[in-house]
A.B. asks: 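Starting off with a structure, shown below.
Here is the naming used below: chain letters follow the sequence lines, and residue numbers restart at 1 for every chain.
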There are 2 protein chains.
Amino acid sequence: MRSNESFASAIRLRGMKLTRQRQLILEVLESSRGHPDAEMVYAKAKERDPRIGFATVYRTLALLKQLGLAEEHNLGEGHGHFEAVDKTKPHFHFTCLKCGKVVEFVSPQILRTTQSLCEKKGLLVTDIHLHFSGYCRHCRPAGSECAEKP
Amino acid sequence: MRSNESFASAIRLRGMKLTRQRQLILEVLESSRGHPDAEMVYAKAKERDPRIGFATVYRTLALLKQLGLAEEHNLGEGHGHFEAVDKTKPHFHFTCLKCGKVVEFVSPQILRTTQSLCEKKGLLVTDIHLHFSGYCRHCRPAGSECAEKP
DNA sequence: GTAAATGCAAACCGTTTGCTGTACA
DNA sequence: TGTACAGCAAACGGTTTGCATTTAC
């Protein structure tokens with residue numbers, strides 16, 4: 001909940017209001033371990049505020065994205081998945097095409113390479129969405145050429 | 001149109017039929033320079049076959065994806081964009097958040113890093129979707145910290 | 001008190017599906 | 001000629017919007 005104060009100040013800075021629902025949705029997102037979609041956020045929020053509506057969830061998720069407190073990812077399901085941002089830990093996602101498992105990755109090297117590409121082309125990169133898909137250790141067809149190291 | 005024969009054989013191998021519409025949609029995709037969405041593909045196809053329908057476009061794009069002849073990308077617009085695959089040239093996309101321009105990237109280093117991550121975790125990667133967003137050279141706010149090299 | 005946000009339902013938009021007629025093999 | 005496909009329109013699912021009401025400030 002440490003981001004609650006920064007949320008409050010960012011909101012007030014813009015002349016917006018810190019409502020019960022907005023706080024709730026941020027809390028739901030921060031306490032979610034995985035990558036909930038809007039429906040899951042709605043369901044979890046509804047447990048604590050049965051009167052909350054879908055529109056509020058979507059509007060608040062959009063607001064959190066704008067404020068840099070949440071990220072939306074396309075994990076290959078055709079709809080958005082959300083995640084509270086921890087700026088100290090940028091990471092990427094792998095989705096198994098068979099079992100649907102999502103694995104998170106950290107790769108400082110990819111961040112570095114991206115930064116260097118950005119500099120070369122004069123681009124200011126604000127977001128990196130790197131999404132792998134394929135087959136995880138357990139769903140991989142036997143004899144596939146990607147060797148597993150012990 | 002060099003992929004037409006491989007398209008024909010791939011199709012026949014599966015007991016499917018090589019229709020006028022399927023050939024047309026592949027040709028439209030191959031002759032498109034950018035990253036058309038389904039609607040743009042439909043519009044271009046319709047110029048040459050006014051009776052073609054949306055369903056055929058979607059079904060054929062899905063087929064081309066399955067056969068590895070087309071890729072679908074999320075370029076941050078909330079709907080799919082398509083591209084004919086040139087297997088010799090895997091690349092990534094940057095979208096400018098202000099002017100919408102899409103820049104293509106090649107980075108063997110990122111491919112290598114990805115491959116190495118894949119090996120370490122025992123994952124078989126079949127697809128890499130790397131999408132940057134931010135501001136291009138012309139839309140970048142002045143004084144932004146990402147230095148441009150001459 | 002007043003501007004902004006909520007909740008509801010309807011609209012929206014990209015995509016998929018069921019069905020009947022058409023055309024490839 | 002038989003089977004897969006096309007075209008149409010209706011359904012679908014996720015998301016957005018308009019509007020009356022509520023709420024934070």
A.B. asks: Just how far, in rounded Å, is P of D:dC5 from CG of B:Leu26?
C.D. replies: 16 Å

A.B. asks: Rounded to the Å, how far apart are A:Asp37 CG and D:dT15 P?
C.D. replies: 7 Å

A.B. asks: Quiz question: by atom type and distance under 3.5 Å, do the side chains of B:His35 and B:His93 form a donor-acceptor pair?
C.D. replies: yes

A.B. asks: Are any non-hydrogen side-chain atoms of B:Leu117 and A:Ile110 less than 4.5 angstrom apart?
C.D. replies: yes

A.B. asks: Rounding to a whole Å, what distance do you find between B:Lys17:NZ and D:dT1:P?
C.D. replies: 14 Å

A.B. asks: Please check if any side-chain donor atom of B:His73 sits under 3.5 Å from a side-chain acceptor atom of B:Glu71, or the reverse.
C.D. replies: yes

A.B. asks: Determine yes or no for a side-chain-to-main-chain donor-acceptor pair under 3.5 angstrom, with A:Thr60 supplying the side chain and A:Val57 the backbone.
C.D. replies: no

A.B. asks: From CG of A:Leu63 over to P of D:dT16, roughly how many Å is that when rounded to an integer?
C.D. replies: 13 Å

A.B. asks: I'd like to check B:Leu63 versus B:Ile25 (side-chain heavy atoms, cut-off strictly below 4.5 Å). Are they in contact?
C.D. replies: no

A.B. asks: Expected output is a numbered-order residue list: members of residues 47-56 of chain A with a heavy atom under 4.0 Å from any atom of DNA chain D. What is it?
C.D. replies: A:Ala55

A.B. asks: Rounded to whole angstroms, how far apart are NZ on A:Lys65 and C1' on D:dT16?
C.D. replies: 12 Å

A.B. asks: What are the residues of residues 72-83 of chain B, sorted by number, that bring a heavy atom to within less than 4.0 Å of DNA chain D?
C.D. replies: none

A.B. asks: Identify the heavy atoms of A:Ile52 and A:Tyr42 that sit nearest to each other, and give their distance.
C.D. replies: O-CE1, 3.5 Å

A.B. asks: To the nearest Å, how far apart are A:Met40 CE and D:dG13 C1'?
C.D. replies: 16 Å

A.B. asks: Going through the distances and angles, do B:Phe105 and A:Leu123 end up as a side chain to side chain contact (heavy atoms under 4.5 Å, CB included)?
C.D. replies: CA-CA 12 Å; B:Phe105 275 93; A:Leu123 304 168; 3.4 Å; yes

A.B. asks: Tell me whether the count of non-hydrogen atoms from other residues, nucleotides or ligands lying under 6.0 Å of CD in A:Glu77 goes above 12.
C.D. replies: yes

A.B. asks: Please figure out whether B:Ile11 or B:Tyr58 has its closest DNA chain C nucleotide nearer the 5' end.
C.D. replies: B:Tyr58

A.B. asks: Going through the distances and angles, do A:Leu29 and A:Leu61 end up as a side chain to side chain contact (heavy atoms under 4.5 Å, CB included)?
C.D. replies: CA-CA 9 Å; A:Leu29 208 59; A:Leu61 288 172; 4.2 Å; yes

A.B. asks: Taking the minimum atom-to-atom distance to the side chain of A:Ala38, which one of D:dT15, D:dG2, D:dG14 wins?
C.D. replies: D:dT15

A.B. asks: Do the side chain of B:Arg22 and the main chain of B:Lys17 share a donor and acceptor less than 3.5 angstrom apart?
C.D. replies: yes

A.B. asks: For D:dT22, does OP1 or OP2 lie under 4.0 Å from any side-chain N or O of A:Gln21?
C.D. replies: no

A.B. asks: Give the first and the last nucleotide of DNA chain C, reading 5' to 3', that has any atom under 4.0 Å from a heavy atom of chain B.
C.D. replies: C:dG14 to C:dA25

A.B. asks: Using a strict threshold of under 4.0 Å (side-chain N to carboxylate O), is an ion pair present between B:Lys89 and B:Glu104?
C.D. replies: no

